[in-house]
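Here the structure comes first, spelled out in C-alpha cells, and everything after it is commentary.
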Amino acid sequence: MLDVSRRAVRAHGLARYRDVLVKLGDDGVRALTSEKLDEMEIRDVADRSRVMRMVREMRVEAKRSTEHDEDEDKYVDVEARKDDIESGATKNVDERRMLDGQERSPEIVPAGDAGSAAPSLKKVMPAPRAQSKIRVSVRKRPLNGKEMTKKERDICTSDAAASEFTVWEPKVKVDLTRFVESHAFAFDAVYDASVSNDEIYASEVEPLVNFVLERANATCFAYGQTGSGKTYTMQPLPGRAARDFLSAVDQFRDSDDARGNLQLWLSAFEIYGGRVFDLLNARRKLRVLEDSKSQICVVGLQEHCVVGAEAFDKLIERGAKARCVGCTGANSESSRSHAILQLVLKRPVDQAKAQHAAFTTGEPLTAEIFGKLSFIDLAGSERGADTTDNDRQTRIEGAEINKSLLALKECIRALDSGATHVPFRGSKLTEVLRDSFLGDSRTVMIANVSPAEGSCEHTLNTLRYADRVRELTRGSETSTTGSPTASTAGLARRHRQSMQTQRRSSMPSTPRHSQSTFTLASTTTRLESRASAPSARDTDVARCTSSAPLATPGLGTVEPTSREEAVRAHDALIDVILGEEDTIIAEHRAHVERSMAMVRREMEFLERVDEPGSGVDAYLDDLETVLAERAEDVARLRERVDRFRALLRQEEALSARVSSAATP
Ligand SMILES: Nc1ncnc2c1ncn2[C@@H]1O[C@H](COP(=O)(O)OP(=O)(O)OP(=O)(O)O)[C@@H](O)[C@H]1O
Ligand SMILES: [Mg+2]
C-alpha cells in the first residue's frame, strides 16, 4: 500500500517531503489536514497546495476503487471524456467538507497523465459535465500598491491545469497559535494574476461570439467585491467581440452566407439603486415595463448601429464616462451600479416586406433580432451588505444590489434545473436580462478576486457564490443536453415569441409605450409574501397608464420577528420607497404644470376685473374656484410627502432593527 503515497509524492514534485509523507502511510496521508501541515512545518504555500492536491487525489482514488464495481451503468468510458480530462474539467470540492469526512469525491477527476504516478484515470469515470449552459471561471488580480505597502500576503493559489483555486486563510486558535485553513474550489477555468485580458477574451468570450453567430443569446458577467477587477476584466471584452462580429459578417458576405447581411447594434445602460439609465444617451432615465404580451421593454433605450471599430470605441468611451462611479476604500473608481452592454445582431428589414406588413397587420416591421451578446459588470458584491449603513442612499443601493445578486442566482438555478417558473421579476437586473437567458443561451460568469489576505472573507464569499452558481448546474446536466424537457421547450417557445415581439417593439422611431397597453402581471412570490404594499413595478405601471389612484404604502402590521424577516421586509420596503419616489416626482411635476395654468387663469381674471364695468362678484367666484383647486392640489401633494416621510421613517426603524440583530 505504501506504493500509492510514494508514487503520488513523486508525481506531485514533493520529493523533499518524501520521508515524512511516506512514513505516514497511505491512510495517514489521506487524513492530512492543513493543521497537520503546520505541525509538520510544511509552510511554503505552493508546497502546501501540492500536498493537499495529492491528498485529495489519493482520497478520490481510494473511494473510487471501493465503489468501482457497484454501479457501472452510471459511468462512461474514460476515453469518451478524454477532452474533458485533458482540459482539466473537475468537479468542485470544498476542502473543508473533505476534512470533515463528508467528501463527495468520486466525481473528482484528477488532471494529469494516466500513465504517470498520479492516480490512474484508466478506469471508468462518472458521466462528464456536459456542455453546460453555465460556465464559471475565477480570475485573480495582482496585489495592488496599497496592499503591497501594507505588506499583505497573497493567500490565493491557482492550478490552471486542474482548474483549481485555493484560498489559504490565516487563522488563530484559542491558544493563540496560528494556523492556515485551506479552501479549495474547482471551476471551469481559473486564471492567475499573470493572465492577460486577451487570454480571458480567447477562452471565455470568443466561444460566445461564435455561439451568438449561430443565432443565439449569450451573457457574460463579472462578479466580485469592489476593487477585485470586474471593470478591468469587462471593459476590453465588448470591443474585441464587436470587432469579431464585424469581421465575421464581412467574411459571411464574401462567402454569400445570409449572415453577411447582419447589422451590429450597441446599447448600454446601468441599473443604479433600482433605476435604469441610458449610458449612451446622457444618462436618460429609462423605464422597464412589461407590455400586454408579457415582454419586458426598456422603454426609450437608444440603440446605435455599429459601422466600424473606431466608432464603436468612441461610443464605449462615452458609455464608460457616463457610469456612476464613487470611491470605496478598495477602489477610487468604484462602479456602484450594474452596467449592461448589449451587442445585438439584427437582420435589416426588407423594405417590400415592411410595407406589406404595415399594410396587412397595421404594425411596423422592424429589424429581426438574430442574436445578442450581453456583458454585465456587476456592482461590488460586498455592497449588498451595506444595508445597515448610516446613509440612506447607501442602504438603498445596498438593498438593491443584494436583491439583484440573489435574484440572479435564483434565476440561474431555475433555468438550469428546467423549472417552469423562473423568478425573473426578483429584480430589475433579472427582469431586463430575461430574454438573454431564455432559449438556447449560454452564460459565463467570471468571478474576480483580490489575492490579499485582508480581502480573505470577501474572496471566500465570492468563490462560494460562484461555486453555488456552478453547483446548481451540475445536478441538471440532462436537461441541458438531452431532448428538451417540457419546461425547457416551453421556455424556448417563449423565447421565440420574445424574438418575434422584439422585431416589432424595438423599432427605434416608434415610441413603444404608445403602442402597448402595459399590464401589471402578478408580482413575484417573494414580494407577495413580503408586502401588501404596491411595488415599484406597480407604480411604474400606474404612471404609464396615467390613472394612478393614490396607493396606500406601508408594510402591513406584521412585525418581523427574526433578522431574516427584517431583512426581507427591508428589501420590500426599499421597493416601495423607490416606486413612491418616482410617483412623488411625477406628481410634483404635474402639480407645477397645473399651478402655471392656474397663474395664467388668474392673470386673465385680473385683466378682466380692471376692465371698466366688470363685476367684482364674477371675479370673486373665479378667484375662489382657483384657490380651492390650488388648496386641493397642495393637500394631495402634502399627503404624498407625508406618506413618503412615513416610509422613510419606517425604513430607518427597520434598518436599525437589522443592524441591532446583526450585532451579537
Ligand atoms: N488583472 C489585473 N491586472 C492588473 N490590474 C488590475 C487587474 N484587475 C484589476 N486591476 C486594477 O485594480 C483596480 C480595481 O479594479 P476594478 O476597477 O476593475 O475593480 P472593480 O471590481 O470593478 O471594483 P468596483 O466594484 O468598485 O467597481 C484598478 O486600478 C485596476 O486597474
Ligand atoms: Mg467596477
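Read the numbers this way: they start at 1 and go in the same order the structure lists the ligands and their atoms.
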Would [X] count as being in polar contact with ligand 1, using the rule that some N or O on each side must be under 3.5 angstrom apart?
| X | result |
| --- | --- |
| Leu378 | no |
| Thr233 | no |
| Gly227 | yes |
| Lys230 | yes |
| Arg141 | no |

Determine whether the side chain, the backbone, both or neither of Pro142 has a heavy atom under 4.0 Å from any heavy atom of ligand 1.
-> side chain

Check whether the side chains of [X] and [Y] place a donor and an acceptor atom closer than 3.5 Å, and report yes or no.
| X | Y | answer |
| --- | --- | --- |
| Glu204 | Ser137 | yes |
| Ser436 | Asn217 | no |
| Tyr201 | Asp244 | yes |
| Asp192 | Ser194 | yes |
| Ser455 | Glu152 | no |

Consider ligand 1: state whether an atom of it lies below 4.0 angstrom from any non-hydrogen atom of [X].
| X | value |
| --- | --- |
| Gln225 | yes |
| Arg139 | yes |
| Ser228 | yes |

Option with minimal heavy-atom separation from atom 19 (O) of ligand 1, where the choices are Ala339, Gly229, Ser337 | Gly229

Among Tyr223, Tyr232, Tyr191, closest by heavy atom to atom 30 (C) of ligand 1 is Tyr232

Gly380 heavy atoms within 4.0 Å reach ligand 1 at atoms 25 (O)

Using modelled atom types only, decide if a donor and an acceptor are shared between the side chain of Arg275 and the backbone of Ile271 within a distance under 3.5 Å.
-> no

Any donor and acceptor pair, going by atom type alone, linking the side chain of Ser158 with main-chain N or O of Ala160 inside 3.5 Å?
-> no

Result for side chain to side chain contact (heavy atoms under 4.5 Å, CB included) between Lys140 and one of Thr459, Val195, Val449 points to Val449

Taking both backbone and side-chain atoms into account, decide whether Thr231 has an N/O/S atom under 2.8 Å from the Mg ion (ligand 2).
-> yes

For the residue pair Tyr465 and Tyr223, is the inter-centroid distance of their aromatic rings smaller than 6.0 Å?
-> yes

